[in-house]
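FYI, side chains are in, hydrogens and waters are out, and symmetry mates aren't considered; it's all heavy atoms of this structure. Chain letters run A, B, ... following the sequence lines, proteins first, then strands; residues in each count from 1.
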Amino acid sequence: MHGQKNSAQRRSSNYRLTLVSAESNTPDENEELDIPELTGSGLQAEKSRRLGQLDDMRAKGVNPYPYRFDRTHTLAEIRSSWGHLEAGTETDNEVAIAGRIMLKREQGKLIFGTVRDRSSDIQLFVSKAVIGDEGFADVASLDLGDWVGVYGNVMTTRKGELSIKVSRLELLSKAVRPLPNKWKGLTDTDTRFRQRYTDLIVNEDARRAFEVRHAVISSFRRSLAAKDFIEVETPVLHVEAGGAHARPFVTHHNSLDMQLYLRIALELHLKRLIVGGMERVYEIGRVFRNEGISTRHNPEFTMMELYQAFGDYSEVMAICEELIVQAARDAIGTTIVGIADPAGVVHTVDLAEPWRRATMMELIAEKTGVETHPSQPVDTLRALADKLGMRYDKRWGSGKMIEEIFEFTAESSLIRPTFVTGHPVEISPLARADRNDPFITERFELFVGARELANGYSELNDPVEQRLRFEEEQAAKDAGDAERGTVDEDYLRALEFGLPPTGGLGIGMDRVAMLLSGVSSIKEVILFPTLRPEAF
RNA sequence: GCGCCUUUAGCUCAGUCGGUAGAGCAUCGGACUUUUAAUCCGUUGGUCGAGGGUUCGAGCCCCUCAGGGCGCACCA
């Protein structure tokens, strides 16, 4: 790294040159570049002013971007150790803390600042008499958004505000671009999602939603580890995109010169592992569906799927309930949540109360007074759909009709957690037929707040029947339904080696995070949601 | 893909009947040794999303396009 200083200087002056020539209206190569004209306070002028501060620091031999800072405490640790101090206390406890300047109040020969780190925030008490004229001027020149390391003593002000009496302050990184409004923050959704970093800096709610999301995921991992599940990773690139009904993203591998699909589900690889004898496996992973974007859908989202040998759907239903209730306790410290219905009315629900279980047909009967069953002729169900004013596709069989009638009549009213069961065989090609009714499967979907959160079943493990179901899928796909599946020969071979009785469960992690953080858009729980590219 | 709404300073927002651009925060200058979104005085900052049209005159009316939001469709 010889010559580092020279190259740094060159970079610095190049940057200034670029800035002026690219962004000034009348670039003039002969202009004195080191002292830019600081007119106005538009964005460019503001950036120039701050970049000028960096040059001043370098001229004094100070690196404005130092390599490290060793803090003694996080701000939460400061608060827990000294939060009880009475007003007007000065201690001789010396600490070193680091964070971002969020607020600054100058008051003559005193400056109060608010520094925030990941854990908390704290007030800086900067006295000219303590820090000296030069240090005071340095603090005065700080901008909101700058990162600083601070040495000082823990104290409280006369009004009792826990503070650091600053003896020395070191700039750790300069913010060249100004922060959004310190009081109103940043509300423009476009900017919030595109510039998530800015959103996280200024919006407490945004930070909280992602803390909840993280807590949910780590809670799931703890719960599953306690149940002897093994976390695995399976391929994202699939030769065949199976395990769900959805349009896949298509990509291409150059060396193999073949088309590949991004996975739309985790299911088929995880069940291969049950064939292999791993007994209890789960994966938390990204899946991709080439479909519309809405407040409930992002093209890439996170699923947790688990498979448990020797269990059936009732067992994984219990696990589903347990995982989500425990996640609520871990992430938000309560099982009581507000759930908005489609009209926006918020219902208070205790997730710890047992969740309702009802079949699709029961729910349809509740809403329409009509008894339905997938054994009924499709014309009977079409007549009901006509009566309800529901549109349908002539290619749908009785099973698909029942599901659609359920969605049309009952889904929007499922606010409290409800396990919906009794899915017809036709729409469940990987689920095992009900032990008492060959027309339906041992399957459930969990609905909360009219949104589907989870899906599980007793896994179909008969390779002969699975082949027939796959062939029906393939036939539907060939007939023009792009979301239907294909015959996965390797999966069938795996089943031929013997899949034990198995219960499987898939949970939409984003939607659980939405539920527990109380937000209504999936974009609020995905750090970088899919958007059209920004025009620069 | 369709419908409705929306886009004004770095951020948050006003902008009346079509008459030539406003506020708060931030910035910059000044005052202030216990502030809490500090306060007070002063200052600077604009391709009104882009393009076209109507008009003597357009942020405002019309058309096209682009971004975003919501709803519908799609989404087991």
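Of the P atoms belonging to B:rU12 and B:rU7, the separation is 12 Å, rounded to the nearest Å. When the P atom is used for both B:rU27 and B:rG67, the distance is 35 Å, rounded to whole Å.
Listed by first and then second residue, the salt bridge (charged side-chain N to carboxylate O under 4.0 Å, His left out) pairs that reach into residues 176-188 of chain A come to none, sequence neighbours excluded. Residue pairs meeting the salt bridge (charged side-chain N to carboxylate O under 4.0 Å, His left out) criterion with at least one partner in residues 518-533 of chain A, sequence neighbours excluded, are A:R192-A:E524.
With sequence neighbours left out, the side chain to side chain donor-acceptor pair (under 3.5 Å) criterion links A:Y151 to no other residue. Take A:E471 and apply the side-chain contact (heavy atoms from CB on, under 4.5 Å) test, not counting sequence neighbours, and it matches A:R467, A:L468, A:V487. For A:T295, the side-chain contact (heavy atoms from CB on, under 4.5 Å) test picks out A:S521, with sequence neighbours left out. Remark: A:F528 engages A:R196 in a side-chain contact (heavy atoms from CB on, under 4.5 Å) (not counting sequence neighbours). Residues meeting the side-chain contact (heavy atoms from CB on, under 4.5 Å) test with A:T156, sequence neighbours left out: A:L85, A:T89, A:L162. The side chain to side chain donor-acceptor pair (under 3.5 Å) search around A:W82 returns A:N93, not counting sequence neighbours.
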Worksheet item: Checking salt bridge (charged side-chain N to carboxylate O under 4.0 Å, His left out) for the pair A:E46/A:R50: CA distance, chi angles, key distance, verdict?
Response: CA-CA 6 Å; A:E46 182 61 17; A:R50 298 187 187 203; 2.7 Å; yes

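Atom-to-atom, NZ of A:K47 to C1' of B:rU44 comes out at 18 Å; the value is rounded to the nearest Å. Regarding A:L43, its CG atom lies at a distance of 14 Å from the P atom of B:rU27, rounded to whole Å. Rounded to a whole Å, the CG atom of A:L453 is 15 Å from the C1' atom of B:rC75. Taking atom CG on A:L179 and atom P on B:rG24, their separation rounds to 21 Å, with Å as the unit. Per the geometry, CD belonging to A:E403 stands 11 Å off C1' belonging to B:rC75, to the nearest Å. Between the CG atom of A:D199 and the C1' atom of B:rC11 there is a distance of 13 Å, given to the nearest Å.
For the residue pair A:D478 and A:Q474, a side-chain donor N or O sits within less than 3.5 Å of a side-chain acceptor on the partner.
Nearer the 5' end of RNA chain B, as judged by each residue's closest nucleotide, is the contact made by A:R158, out of A:H423 and A:R158. In terms of position along RNA chain B, the nucleotide closest to A:T191 lies nearer the 5' end than the nucleotide closest to the other residue of the pair A:E90 and A:T191.
When each of B:rU27, B:rC75, B:rU36 is scored by its nearest atom to the side-chain atoms of A:H297, the top-ranked nucleotide is B:rC75.
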Between protein and nucleic acid, restricted to nucleotides 37-40 of chain B and to nitrogen or oxygen atoms under 3.5 Å apart, what atom pairs and distances do you find?
from   : atom 1 : to     : atom 2 : distance (Å)
B:rA37 : O3'    : A:K182 : NZ     : 3.4
B:rA37 : N6     : A:W183 : NE1    : 3.1
B:rA37 : N1     : A:W183 : NE1    : 3.2
B:rA38 : OP1    : A:K182 : NZ     : 2.4
B:rA38 : OP2    : A:R105 : NH1    : 3.1
B:rA38 : N7     : A:E106 : O      : 3.1
B:rA38 : N6     : A:E106 : O      : 3.0

Between N or O atoms, less than 3.5 Å apart, protein on one side and nucleotides 68-72 of chain B on the other: list the pairs.
from   : atom 1 : to     : atom 2 : distance (Å)
B:rG68 : OP1    : A:R194 : NH2    : 3.3
B:rG68 : OP1    : A:R532 : N      : 3.0
B:rG68 : OP2    : A:R532 : NH1    : 3.2
B:rG68 : O2'    : A:T189 : OG1    : 3.3

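Within the 4.0 angstrom heavy-atom criterion, only backbone atoms of the sugar-phosphate kind lie near A:G185; the bases stay farther away.
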Worksheet item: For RNA chain B, what string of dots and brackets results from 5' to 3' when Watson-Crick and G-U pairs need both distances under 3.5 Å, crossing pairs get [ ], and pairs with another strand get |?
Response: (((((((..((((.....[..))))..((((.......))))......(((((..]....))))))))))))....

Atom pairs and distances, donor-acceptor, side-chain atoms in residues 131-138 of chain A, under 3.5 Å, two or more places apart:
none

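Note on A:T187: a side-chain N or O is less than 4.0 Å away from OP1 or OP2 of B:rU12.
The pair A:E426-A:K400 does not meet the salt-bridge criterion, since no charged nitrogen lies less than 4.0 angstrom from a carboxylate oxygen.
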